[in-house]
Amino acid sequence: MENLFSIKEKVIVVTGAGGVLGGNISKSLSQGGAKIVVLDIRQENLDSQVHEIKSGGGMAVGFCCNVLDTNSLEDVAKKIVEKWGQIDALVNCAGGNVPGATLSPEQTIFDMKMEDWEKVIKLNQDGTILPCLVFGKVIAQQKKGCIVNISSMATYSAITRVPGYSVAKTGINIFTKWLATEMAMKFGDQIRVNAIAPGFFIGDQNRAILINPDGSLTERSKKVLAKTPMGRFGNISELNGLVHFLCSDSASFITGTVIPVDGGFSSFSGV
């Protein structure tokens, strides 16, 4: 049974690995015996993650890389293949909201600047699509491997204040399904593309709108929890098991899916 879910020796690329989400997933996959390629645009975050993984006995290499720059991605892909010979999986964690694209309670969509809209769309769509094209090409040539994208609860229904992020992540949903179809039909049934849709987790990007300075819940938090059957926020580590599973051969007939990890938020009508 242990071998059924094994990711040992698999070469797994994680974008945005210097962040909380990408770093947590990277360390978890490393603990499963995978060889982790840590990518981030911030060198200091990159170095810290590689150090943590190696200190824990894991295998890791880091590359400073811009997910919005095809040349940067292609250079890294070449180095990965030169070092480890293959790419078994890609986990796209790079992304997130942009401050100017998050509306305050007093603002309407007509107050949002188009340059902020374009930033959040580019970061979350192109920042996933370009790595899929570059690292996915290596996977296609191998005729085996998988890709895991990050979706969001903001794609299931309208969540106030984040229109650009919602549109960007909804685009990732259909791109995931489209790429899964393309890969399977043109490059074989051993290539899979899926996405996970995290529910509400408190992190650096959303802490200010979910937690008051005194540590109490904001009104937005209370609304979220009222629509979450489990009645709590998720722990970032609760995403790791699904990512691990999707990267393993146990998920060999799963492709084109967007799987919620949300405590029931996407299932509950609120009444």
Side-chain angles (χ1 to χ4, degrees), residues 12-32 34 36-56 58 60-68 89-99 101-102 119-120 123-124 127-128 131 148-155 159 161-162 164-166 168-169 172 195-213 215 217-218 220-221 224-225 228 230 232-247 259-263 265:
I12 303 179
V13 180
V14 183
T15 71
V20 175
L21 173 62
N24 197 277
I25 287 173
S26 295
K27 288 192 279 287
S28 173
L29 294 172
S30 170
Q31 289 164 4
I36 307 300
V37 181
V38 179
L39 304 187
D40 202 273
I41 199 169
R42 301 155 298 184
Q43 187 68 52
E44 64 277 13
N45 292 45
L46 192 68
D47 293 341
S48 175
Q49 289 296 345
V50 171
H51 177 72
E52 280 194 51
I53 291 172
K54 288 185 174 180
S55 296
V61 62
F63 296 103
C64 197
C65 179
N66 183 353
V67 293
L68 297 176
L90 165 66
V91 183
N92 278 306
C93 294
N97 219 329
V98 174
T102 301
K119 285 178 184 176
V120 76
L123 173 61
N124 289 284
T128 291
V148 180
N149 294 326
I150 306 297
S151 178
S152 169
M153 281 299 103
T155 70
I159 293 179
R161 299 176 59 185
V162 289
Y165 182 77
S166 299
K169 287 299 188 180
I172 292 306
I196 67 170
F200 288 83
F201 299 78
I202 297 175
D204 294 337
Q205 289 191 346
N206 65 1
R207 185 176 301 277
I209 63 174
L210 295 177
I211 303 294
N212 290 315
L217 297 178
T218 63
R220 189 173 182 83
S221 278
V224 167
L225 296 182
T228 304
M230 285 189 174
R232 65 175 175 87
F233 292 109
N235 185 301
I236 198 72
S237 65
E238 291 178 300
L239 298 170
N240 296 339
L242 179 56
V243 176
H244 185 126
F245 168 66
L246 290 174
C247 289
I259 305 174
V261 187
D262 66 347
F265 183 93

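Closest non-hydrogen pair, Asp40 versus Gly19, comes out as OD2-N, 3.8 Å. In plain terms, the two heavy atoms of Gly127 and Leu68 that are nearest each other are N-CD2, 3.5 Å. Minimum heavy-atom separation, Val20 to Ile236: CG1-CG1, 4.4 Å. Across all their heavy atoms, Asn240 and Ser28 have their closest contact at CB-OG, 3.3 Å. Taking every heavy atom of both residues into account, Val14 and Cys93 meet most closely at CG1-SG, 4.0 Å. Contact detail for Asn124 and Ala168: the closest heavy-atom pair is CB-CB, 3.6 Å.
In this structure the side chain of Pro131 reaches within 4.5 angstrom of the side chain of Leu90, judged on heavy atoms. Val120 is listed as a side-chain neighbour of Asn97, based on a closest heavy-atom distance under 4.5 Å. For the pair Ile25/Val148, no side-chain contact is recorded, criterion being any heavy-atom separation below 4.5 Å from C-beta on. Under the 4.5 Å side-chain criterion, counting only non-hydrogen atoms from C-beta, Ser48 is in contact with Glu52. Between Asn24 and Leu239, the closest side-chain pair of non-hydrogen atoms is not below 4.5 Å. In this structure, Leu210 and Phe233 have side chains that are in contact, with non-hydrogen atoms separated by less than 4.5 Å.
In this structure, Ser151 contributes its side chain and Ile196 its backbone to no donor-acceptor pair below 3.5 Å. Distance alone, capped at 3.5 Å, is enough to place a donor-acceptor pair between the Asn212 side chain and the Leu217 backbone. A donor-acceptor pair is defined here as one N or O able to donate and one able to accept, closer than 3.5 Å; such a pair exists between the side chain of Thr218 and the backbone of Ser221. No donor-acceptor pair under 3.5 Å is formed between the side chain of Lys54 and the backbone N or O of Val61. Of the possible polar contacts, one joining the Thr15 side chain to the Ala94 backbone as a donor-acceptor pair under 3.5 Å is found.
For the residue pair Gln49 / Asn45, no side-chain donor-acceptor distance below 3.5 Å is found, with atom types taken as modelled. Defined by atom type and a distance below 3.5 Å, a donor-acceptor pair is missing between the side-chain atoms of Asn149 and Thr128.
Atom SG in Cys247 sits 4.5 Å away from atom CD1 in Ile12 (nearest 0.5 Å). The NZ atom of Lys27 lies 11.5 Å from the OG atom of Ser237; values are rounded to the nearest 0.5 Å. Rounding to the nearest 0.5 angstrom, the gap separating the CD1 atom in Ile41 from the SG atom in Cys64 is 7.0 Å. For the atom pair Ile259 CD1 and Leu246 CG, the distance stands at 5.0 Å (nearest 0.5 Å). Rounding to the nearest 0.5 Å gives a distance of 13.0 Å between CD1 of Ile159 and NZ of Lys169. The distance from atom CG of Asp262 to atom CZ of Phe200, rounded to the nearest 0.5 Å, is 9.0 Å.
For Tyr165, there are no ring-ring contact (aromatic ring centres under 6.0 Å, His included) partners two or more places apart in sequence or in a different chain. Listed by chain and number, the residues in a salt bridge (charged side-chain N to carboxylate O under 4.0 Å, His left out) with Arg232 are Glu238 (sequence neighbours excluded).
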| request: Would you please test Val13 and Leu39 for side-chain contact (heavy atoms from CB on, under 4.5 Å) and show each step? | output: CA-CA 7 Å; Val13 180; Leu39 304 187; 3.6 Å; yes
